[in-house]
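Remarks on the structure that follows.
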2 protein chains.
Amino acid sequence: MHPRIVDTLKRNQLSITDSRKKILEMFLQKKGALAHADIEQQSGEEFDRVTIYRTLQTFVEKGIIHTIPTADNSVRYALCKDDCSEGHHHDNHVHFMCDHCGTTYCLDHVTVPAVVLPAGFKISQVDVVVSGSCLKCQQ
Amino acid sequence: MHPRIVDTLKRNQLSITDSRKKILEMFLQKKGALAHADIEQQSGEEFDRVTIYRTLQTFVEKGIIHTIPTADNSVRYALCKDDCSEGHHHDNHVHFMCDHCGTTYCLDHVTVPAVVLPAGFKISQVDVVVSGSCLKCQQ
DNA sequence: ACGCAAATGCAACAATGTTGCAAAATAATT
DNA sequence: AATTATTTTGCAACATTGTTGCATTTGCGT
């Protein structure tokens, strides 16, 4: 088991349960983003569908993961950088979704460019959703 | 009825039906984006739910409207600039979603900033999803 | 080990989206 | 203008996705 799992749960005042450990482990292992369906498939019959929904919801509330806006409006989640332990707010993000393999990357290290909007719009968050082909799918 | 409606349908080789006229009119009147639910409510019992789904799908295929990625992963549609009559591909877009009133704006005239990705990623589309408070909701 | 609080599983439900097919509306042809 | 061919619609049924309430189970602090 990944060493950070118990730490992360404790730090967020969550009880250490099988589903939380397993789901968090999935995020730590797989670098890309996960959809609810991915988790359901990978965990087999181990957890109830409802438990997965509630676990994801809890993780989002605690800032352990965040949702990703995608071009096809499918709901995906990715680990927050540094587990958001610092109250980090995810105001800016660049995400990349591969048109071929469907993998979604959370590019925390890419700088979000400044966006200039017409007068009257107050910006609180900027999400950049890039599609194309990824490292593995070059062609 | 908006004068562009019949033109647009004909240009895209679509038969002129009540639902298509009405739904296209909604997009032309309302400047912001529409969700399936908005259309369903506004049209009352006039059209079947399935018809609305199919009409939206057809419009997307013909390039009359496009879907908008949103921070909350709700599916919304907006008119394509120039009805995409020129085979315009919507490679770049800035969308704004108001946190207060929920209105979604399609800001065709705002320049999409350049995004620099790590080597190996090939960009085919960039969507910028901005949240905040809009013109009407300033505070 | 015990008791309390929290999380889980189950069932039922709600919302959203899809598919097949017969009936109706639109377009094309004569 | 009437007839035929094609497209679109409405209905029914179904699939998927997400939510809620409640009894049972699990984890946690003492």
Side-chain angles (χ1 to χ4, degrees), chain A residues 1 5-27 33-62 64-77 102 104, chain B residues 1 5-27 33-62 64-77 102 104:
Chain A
M1 190 172 66
I5 289 178
V6 174
D7 274 7
T8 302
L9 293 176
K10 280 192 179 160
R11 190 182 332 119
N12 287 285
Q13 298 156 47
L14 294 173
S15 20
I16 318 291
T17 67
D18 287 350
S19 56
R20 287 179 182 159
K21 281 191 285 187
K22 185 94 175 247
I23 293 177
L24 188 46
E25 176 133 53
M26 285 184 200
F27 280 106
L34 293 171
H36 173 96
D38 297 327
I39 295 168
E40 205 172 334
Q41 284 169 14
Q42 278 186 51
S43 62
E45 301 276 310
E46 198 173 348
F47 311 116
D48 194 83
R49 231 160 43 82
V50 179
T51 301
I52 298 175
Y53 278 115
R54 288 198 268 229
T55 302
L56 289 171
Q57 195 175 298
T58 303
F59 284 0
V60 169
E61 280 161 12
K62 293 294 185 175
I64 300 172
I65 60 176
H66 62 278
T67 61
I68 299 180
T70 56
D72 68 346
N73 286 290
S74 62
V75 183
R76 283 159 192 260
Y77 303 87
T104 304
Chain B
M1 191 172 65
I5 289 176
V6 174
D7 273 9
T8 301
L9 292 175
K10 279 190 180 160
R11 191 181 333 119
N12 288 285
Q13 298 156 49
L14 294 173
S15 16
I16 318 290
T17 67
D18 288 349
S19 55
R20 286 177 182 161
K21 281 190 286 188
K22 184 94 174 248
I23 293 176
L24 188 46
E25 176 134 55
M26 286 184 201
F27 280 107
L34 294 171
H36 174 96
D38 298 328
I39 295 169
E40 205 172 335
Q41 284 169 14
Q42 276 185 54
S43 61
E45 301 277 310
E46 199 174 349
F47 311 116
D48 193 83
R49 231 159 42 83
V50 178
T51 302
I52 298 175
Y53 278 114
R54 288 198 268 229
T55 303
L56 289 172
Q57 196 175 296
T58 304
F59 284 0
V60 169
E61 279 161 11
K62 292 294 184 177
I64 300 171
I65 60 177
H66 62 277
T67 61
I68 299 181
T70 55
D72 66 348
N73 286 289
S74 62
V75 183
R76 283 160 191 260
Y77 303 86
T104 304

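Below, chain A is the first sequence line, B the second, and so on; all start at residue 1.
- Between T55(B) and dT8(D), a side-chain N or O to OP1/OP2 separation shorter than 4.0 Å is absent.
- Between Q41(A) atom CD and H36(A) atom NE2 the span is 10.0 Å, to the nearest 0.5 Å.
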Task: F27(A)/I39(A) under side chain to side chain contact (heavy atoms under 4.5 Å, CB included): CA gap, chis, key distance, verdict - done: CA-CA 9 Å; F27(A) 280 106; I39(A) 295 168; 4.1 Å; yes

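- For the pair I39(A) CD1 and dG18(D) P, the interatomic distance rounds to 11 Å; values are reported in whole Å.
- Along DNA chain D, the nucleotide nearest to A37(A) and the one nearest to S19(B) differ in position, and the one closer to the 5' end is contacted by S19(B).
- Counting to the nearest Å, the P atom of dG18(D) and the NE2 atom of H36(A) are 7 Å from each other.
- Remark: P of dC11(D) and CD1 of I52(B) are 12 Å apart, rounded to the nearest angstrom.
- Nucleic acid contact class of R20(A) (heavy atoms, under 4.0 Å, all strands): sugar-phosphate only.
- None of T67(A), D38(A), T104(A), T70(A) except one satisfies the side-chain hydrogen bond (donor to acceptor under 3.5 Å, both in side chains) rule with R76(A); the exception is T104(A).
- For the pair R20(A) (side chain) and L14(A) (backbone), a donor-acceptor distance under 3.5 Å is absent.
- K10(B) is not listed as a side-chain neighbour of D7(B), based on a closest heavy-atom distance of 4.5 Å or more.
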Taking only distance into account, with no hydrogens and no angle test, what donor-acceptor pairs under 3.5 Å do side-chain atoms of residues 46-56 of chain B form with protein atoms, sequence neighbours excluded?
residue, atom, partner, partner atom, Å
E46(B), OE1, K22(B), NZ, 2.5
D48(B), OD2, V50(B), N, 2.9
T55(B), OG1, T51(B), O, 2.7

- [ ] Apply side chain to side chain contact (heavy atoms under 4.5 Å, CB included) to I68(A) and Y77(A), showing your working.
- [x] CA-CA 6 Å; I68(A) 299 180; Y77(A) 303 87; over 6 Å; no

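- Contacts between chain A and DNA chain C, taken as any atom within less than 4.0 angstrom of a protein heavy atom, begin and end at dA6(C) to dA11(C).
- Between E25(A) and K21(A) the shortest side-chain heavy-atom distance does not fall below 4.5 Å.
- In this structure, N12(A) contributes its side chain and L9(A) its backbone to no donor-acceptor pair below 3.5 Å.
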- [ ] At under 4.0 Å between heavy atoms, which parts of nucleotides 22-30 of chain D does protein reach? Answer with one letter per nucleotide, 5' to 3': B base, S sugar-phosphate only, - none.
- [x] -----SS--

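- Axis angle across the helix from dA1(C)-dT30(D) to dT30(C)-dA1(D), with five pairs used at each end and values rounded to 10°: 30°.
- E61(B) is linked by a salt bridge (charged side-chain N to carboxylate O under 4.0 Å, His left out) to nothing, counting only residues two or more places apart in sequence or in another chain.
- Taking atom CD of residue Q57(B) and atom P of nucleotide dT7(D), one finds them 16 Å apart after rounding to whole Å.
- Looking at heavy-atom distances under 4.0 Å, E40(B) makes no contact with the nucleic acid at all.
- The closest side-chain heavy-atom distance from M1(B) to V6(B) is below 4.5 Å.
- As rounded to whole Å, 17 Å separates atom C1' of dC11(D) from atom CD of E46(B).
- Of the residues in residues 69-76 of chain A, not one comes within less than 4.0 Å of DNA chain C through any heavy atom.
- Among the heavy atoms of the strands, none lies under 4.0 Å from Q13(A).
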